[in-house]
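Bear in mind the structure is a predicted one, so any value in this text is a computation, not a measurement.
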Amino acid sequence: DLAVVEGQAPGAELNLQDVAERAGVVHTVVRRHFGGRLDLVRAVQADVLVQAFALVSTPVDPEASLYEAVLGYIHEVVDWVDSHRSLHALVERELGDGRPSELNLAIQSHTDRLVDFTSQITALFGIDSTDAQQAEWQLLFAGVIGQVRATVSFWVTQQARTVGADHVAAHLA
C-alpha cells in the first residue's frame with residue numbers, strides 16, 4: 001500500500017503487518033494475496049513505477065524544442081522524487097531474490113520505447129537503422145536514464161541542499 005510507504009521514513013522496511021493494518025485485515029490475508037513480504041514489496045514497487053513513469057510518458061508538445069521536452073520530463077522526475085522520497089527509496093531497493101528489479105525492468109521497457117521512437121524518426125527521413133545501431137541507442141538511452149537516476153538519487157538524499165530542483169533538472173537536460 002503506497003500510503004503505508006509514504007508514512008514511513010525513506011528506507012524503512014515495508015512489512016505485511018503494516019499493510020494489513022492499513023487495509024483493516026489480518027496479516028495472513030495479505031500474505032495469502034501476495035505470497036510473502038518480497039512479493040508484496042515487488043508489487044508495490046511495480047505500482048509506484050507505473051505511476052512515476054506515467055509522468056514521463058505524456059505526449060510532448062509538438063511546438064517544444066528537444067531541450068524543452070527533455071527538461072520537462074526530467075523536471076517531472078526530479079519533482080516526483082523530491083515529493084515522494086519514501087516511495088523512491090522503496091523503488092531503488094534491490095530485493096536480493098535473484099530476479100531483475102522492477103526498476104530495471106521499467107528502465108529496459110523505456111529504453112526499448114526510446115529505441116523504437118528513434119527508429120521511427122530516422123525512418124521518416126528515409127534512414128533504416130541497423131540492429132547494431134539500435135543496440136548502440138539502447139546503451140545510450142540506458143546511460144542517460146542511469147545518469148538521471150544516479151544524480152537525482154544523490155541529490156534527494158543530501159541534508160543541506162545548495163542546488164534546487166530547477167537547477168538539477170536544467171543541468172541534467
Side-chain angles (χ1 to χ4, degrees), residues 1-60 70-117 138-139 141-169 172:
D1 183 68
L2 302 185
V4 171
V5 177
E6 289 276 37
Q8 297 177 327
E13 290 293 324
L14 177 63
N15 63 59
L16 297 168
Q17 186 62 39
D18 291 340
V19 172
E21 287 175 8
R22 171 84 176 160
V25 298
V26 294
H27 82 279
T28 54
V29 171
V30 177
R31 179 177 299 284
R32 203 174 20 238
H33 180 76
F34 289 102
R37 190 185 75 76
L38 288 181
D39 290 326
L40 167 66
V41 172
R42 188 172 291 284
V44 173
Q45 285 178 331
D47 189 39
V48 169
L49 288 166
V50 166
Q51 293 179 35
F53 275 109
L55 297 172
V56 294
S57 298
T58 56
V60 176
V70 169
L71 177 62
Y73 285 151
I74 292 174
H75 215 296
E76 290 287 345
V77 170
V78 171
D79 288 345
W80 185 88
V81 168
D82 198 27
S83 299
H84 302 281
R85 293 178 190 192
S86 294
L87 292 175
H88 175 257
L90 180 74
V91 167
E92 287 286 338
R93 183 177 300 146
E94 291 288 339
L95 299 180
D97 60 358
R99 295 167 44 195
S101 71
E102 293 300 312
L103 182 56
N104 285 336
L105 293 171
I107 290 170
Q108 178 69 48
S109 173
H110 282 278
T111 58
D112 290 346
R113 275 193 237 153
L114 289 167
V115 167
D116 289 343
F117 177 72
Q138 192 171 41
L139 292 172
F141 294 137
V144 170
I145 291 169
Q147 179 183 1
V148 171
R149 176 184 173 195
T151 301
V152 173
S153 292
F154 179 80
W155 171 79
V156 79
T157 60
Q158 290 183 320
Q159 295 299 321
R161 291 192 196 155
T162 56
V163 177
D166 291 339
H167 188 78
V168 170
L172 287 168

For residues 36-51, which side-chain donor-acceptor pairs fall under 3.5 Å, sequence neighbours excluded?
{"from": "Arg37", "atom 1": "NH1", "to": "Glu13", "atom 2": "OE1", "distance (Å)": "3.0"}
{"from": "Arg37", "atom 1": "NH1", "to": "Leu14", "atom 2": "O", "distance (Å)": "3.4"}
{"from": "Arg42", "atom 1": "NH1", "to": "Pro100", "atom 2": "O", "distance (Å)": "2.9"}
{"from": "Arg42", "atom 1": "NH1", "to": "Glu102", "atom 2": "OE2", "distance (Å)": "3.2"}
{"from": "Arg42", "atom 1": "NH2", "to": "Asp97", "atom 2": "OD1", "distance (Å)": "2.9"}
{"from": "Arg42", "atom 1": "NH2", "to": "Asp97", "atom 2": "OD2", "distance (Å)": "2.9"}
{"from": "Gln45", "atom 1": "NE2", "to": "Leu90", "atom 2": "O", "distance (Å)": "2.8"}
{"from": "Gln45", "atom 1": "NE2", "to": "Arg93", "atom 2": "O", "distance (Å)": "2.9"}

Considering all heavy atoms of both residues, which atom of Ala9 and which atom of Ser86 are nearest to each other, and what is their separation?
C-OG, 3.5 Å
Once salt bridge (charged side-chain N to carboxylate O under 4.0 Å, His left out) is applied, do any residues pair with Glu92, and if so which ones, sequence neighbours excluded?
Arg149
Take Gln108 and Asp112 through the test side-chain hydrogen bond (donor to acceptor under 3.5 Å, both in side chains) and record every step on the way to the result.
CA-CA 6 Å; Gln108 178 69 48; Asp112 290 346; 3.0 Å; yes
Backbone N or O of Ile107 within a donor-acceptor pair of the Thr111 side chain at under 3.5 Å?
yes
Is any side-chain heavy atom of Tyr73 closer than 4.5 Å to a side-chain heavy atom of Val148?
no
Is there side-chain contact between Arg161 and Asp82, with at least one heavy-atom pair below 4.5 Å?
yes
Can you give me the closest heavy-atom contact between Ser153 and Val156, atom names plus distance?
O-CG1, 3.4 Å
Here's a test for you: under side-chain contact (heavy atoms from CB on, under 4.5 Å), which of Ile74, Val77, Leu71 qualifies with Leu172?
Ile74
Rounded to the nearest 0.5 Å, what separates atom NE2 in His27 from atom CG in Leu16?
7.0 Å
Side-chain contact test, heavy atoms from C-beta onward, threshold under 4.5 Å: evaluate it for His88 versus Trp80 and give yes or no.
yes
